[in-house]
Structures are given as structure tokens and as C-alpha cells.
Amino acid sequence: MQLREEATRLCVLGVNATGTTRNDSVLQCVIKCYTAKGESIMGYDRLWTIPEKVKITVKAYKLHRVHYRDLRASGMAPRQELVTILGVLGRLVVRGVPIIVHNAKPTLRLLEQTAAQNGRKGWKFPFPCTDLATKSKRILNMPAKIDPSVLATPSEREVYAYLYKKQFDDEEDDVACMSDLGTTCKIVVLNYLAGVGRGWWE
């Protein structure tokens, strides 16, 4: 494990949640580590339990397909898992490995409110992240469907299609994950590498 961490040059953080509101909780967290060329080295992929009062929205379930029975069977206590992921990320940050998040604002907010729901009120994500959505939103210049006068936040796959001029081929992907979040992380690291070549994230 130590050798894999030492070989890591890029790190992608992603979460799935019960929904997107200020009352929702993270139910899956994934950290994928890659070489400088985007080759997968290691990863953290765990389901987290959610408070009884928090429900998985229909919209969220359709996206990630994580069910209550999955959480009952494999869910880990978020309070301890937050300590685990911070330990991994902290060691990587000390070595200068960038933490890449497609859309950092909602991702970090969901982590922070999940921490608060589990007895860690006021907890803040302590590491800087490279946020791909903020920059690519201006570059792709896509109007929002609800209000065309504002820009839409592009998905990971939309950014990939713009950068590579093709759709991501899921059949070629060999990512093992409890949901499609592992594949999403792979798309994010490919977007990051292509964007670096264009000076997007500077």
C-alpha cells in the first residue's frame, strides 16, 4: 500500500449522496489514485451509513442505484471513514499530489454536512482541490435547460466529449466499483490530463 501511495501522482475524489439538498448525506465515497499518465494504482471505495431520518431520493437512486439494503449490508460509519479518507488524502497532499474533483463545491458541502450529521459540527474539508467544473463551465459555454440565460455546469461526460471529440466508451472501461462512481473518476482524471495540455486548470 505504501508503495502504491508513493507511486500516485493524481488523485480523484467523488461521492454519491442521498440527494443534493442541505439535509442530504454522502452514502458512498470513492478516492481513485493514478499515475501521471492516468493509469489506476489504488483506491478507496466504501458505502457509508446514513441517519434514519435521511431518505434516498428517487432522482439520486436512479443515478447511483445504491439501495438501503446495500447500506445495511456494507455501510460503514461516516465518522470513522472521514478519519480514514483524510489520512489517505493528507499523505498524498504532503507529497504534492493534486486532489481532483469534478464539481468541488457540492462535493465538499455534502462531505461537510455529513460530518455534521455524525457529530462533527463545523468540520471543514482541509485540503485544496482542483475543481474542473468551474473552469470547464465557462469554456463549454452551455446554456442551462431551465434558464438559458445562465450557464449549465457540464457533466464529466460532457467535458470528456468536448475534449476528446467522442463519447466515453464504457465497454473499454475495467473499473471495479459498487456504482458507476469508479468510472466517473476515470473520466475525471482523463479530463484533467487533457485539460492540462490545454492550460485549462492553471
Side-chain angles (χ1 to χ4, degrees), residues 1 4-5 8 10-34 40-57 59-94 97-133 155-156 173 175-189 191-192:
M1 185 65 73
R4 291 182 179 183
E5 282 192 18
T8 297
L10 303 169
C11 172
V12 177
L13 170 66
V15 302
N16 276 325
T18 57
T20 58
T21 74
R22 301 238 168 227
N23 297 316
D24 283 299
S25 302
V26 171
L27 51 70
Q28 183 185 15
C29 181
V30 170
I31 298 170
K32 292 291 184 182
C33 298
Y34 301 93
S40 181
I41 297 176
M42 58 177 280
Y44 165 99
D45 177 9
R46 290 185 184 167
L47 296 178
W48 293 3
T49 56
I50 59 176
E52 287 186 14
K53 63 181 179 180
V54 178
K55 305 301 179 186
I56 302 172
T57 65
K59 183 177 180 180
Y61 176 72
K62 287 181 177 178
L63 290 173
H64 55 60
R65 297 292 177 179
V66 177
H67 195 273
Y68 295 104
R69 61 176 171 269
D70 302 317
L71 303 183
R72 287 193 294 269
S74 307
M76 307 293 287
R79 188 181 180 92
Q80 182 56 44
E81 293 309 301
L82 285 164
V83 174
T84 300
I85 67 168
L86 290 187
V88 173
L89 294 174
R91 292 191 297 273
L92 294 174
V93 168
V94 166
V97 175
I99 300 174
I100 306 160
V101 185
H102 175 69
N103 196 0
K105 187 174 181 179
T107 298
L108 302 188
R109 174 178 59 78
L110 283 162
L111 283 170
E112 289 167 2
Q113 65 195 45
T114 299
Q117 292 165 354
N118 289 273
R120 304 188 68 179
K121 192 172 183 180
W123 181 88
K124 296 292 182 184
F125 189 80
F127 307 120
C129 297
T130 301
D131 181 2
L132 306 194
S155 70
E156 299 88 349
D173 189 34
V175 174
C177 189
M178 288 177 270
S179 70
D180 65 351
L181 198 50
T183 298
T184 298
C185 289
K186 179 63 176 180
I187 296 170
V188 170
V189 78
N191 291 345
Y192 175 80

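Remember, it's a predicted structure, so these values are computed and weren't measured experimentally. These numbers come from the heavy atoms of this one structure, side chains and all, not from hydrogens, waters or symmetry mates.
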Practice task
List for me each residue that meets side-chain hydrogen bond (donor to acceptor under 3.5 Å, both in side chains) alongside E81, sequence neighbours excluded, and say none if there are none.
Solution key: Y44, R46
Practice task
Check for a donor-acceptor pair, side chain of R22 on one end and backbone N or O of R109 on the other, with a separation under 3.5 Å.
Solution key: no
Problem - Minimum heavy-atom distance between G182 and Y34, given as atom pair plus value - result: O-OH, 4.5 Å
Problem - Distance, nearest 0.5 Å, that separates CG of L10 from CD1 of I100 - result: 4.5 Å
Problem - Student check: side-chain heavy atoms of L89 and C11 closer than 4.5 Å - result: yes
Problem - Residues that E52 engages under side chain to side chain contact (heavy atoms under 4.5 Å, CB included), provided they are two or more places apart - result: none
Completion exercise
The salt bridge (Lys or Arg N to Asp or Glu O under 4.0 Å) partners of R4 (sequence neighbours excluded) come to none
Exercise for the section: Could you grab the distance from atom CD1 of I50 to atom CZ of R72, nearest 0.5 Å is fine? Expected result: 10.0 Å
Practice task
Return the minimal non-hydrogen interatomic distance between P128 and I99, and the atom names on each side.
Solution key: O-CB, 4.0 Å
Practice task
List the steps and the verdict of side-chain contact (heavy atoms from CB on, under 4.5 Å) for L82 and W48.
Solution key: CA-CA 10 Å; L82 285 164; W48 293 3; 3.8 Å; yes
Please list every donor-acceptor pair under 3.5 Å in which a side-chain atom of residues 114-127 meets a protein atom from a residue at least two apart or in another chain.
from: T114; atom 1: OG1; to: V26; atom 2: N; distance (Å): 2.9
from: T114; atom 1: OG1; to: L110; atom 2: O; distance (Å): 2.7
from: Q117; atom 1: OE1; to: S25; atom 2: OG; distance (Å): 2.3
from: Q117; atom 1: NE2; to: N23; atom 2: O; distance (Å): 3.3
from: Q117; atom 1: NE2; to: D24; atom 2: O; distance (Å): 3.2
from: Q117; atom 1: NE2; to: S25; atom 2: OG; distance (Å): 3.4
from: N118; atom 1: ND2; to: T114; atom 2: O; distance (Å): 2.7

Handout entry: Separation between NZ of K32 and OG1 of T184, rounded to the nearest 0.5 Å
Key = 11.0 Å
Completion exercise
In short, Y192 meets P98 closest at the heavy-atom pair OH-CG, 4.1 Å
Exercise for the section: Find the distance between OG1 (T130) and CG (L13) and round it off to the nearest 0.5 Å. Expected result: 11.5 Å
Problem - Minimum side-chain heavy-atom gap L108-K105 below 4.5 Å - result: no
Practice task
Please report the closest heavy-atom contact between D131 and A104, naming both atoms and the distance.
Solution key: OD1-N, 3.3 Å
Problem - side chain to side chain contact (heavy atoms under 4.5 Å, CB included) against Y61, all qualifying residues, sequence neighbours excluded - result: I56, R65, H67
Completion exercise
d(C185 SG, E156 CD) to nearest 0.5 Å is 8.5 Å
Exercise for the section: Taking side-chain hydrogen bond (donor to acceptor under 3.5 Å, both in side chains) as the test, write out the residues that go with N16, two or more places apart. Expected result: Q28, S179
Practice task
Output the distance between atom CD1 (I85) and atom CD1 (I31), rounded to the nearest 0.5 Å.
Solution key: 5.0 Å
Handout entry: Non-hydrogen atoms of L63 and D180 that approach each other most closely
Key = O-OD2, 3.9 Å
Practice task
Please name the residue in the list L27, T18, D70 that meets the side chain to side chain contact (heavy atoms under 4.5 Å, CB included) test with H64.
Solution key: L27
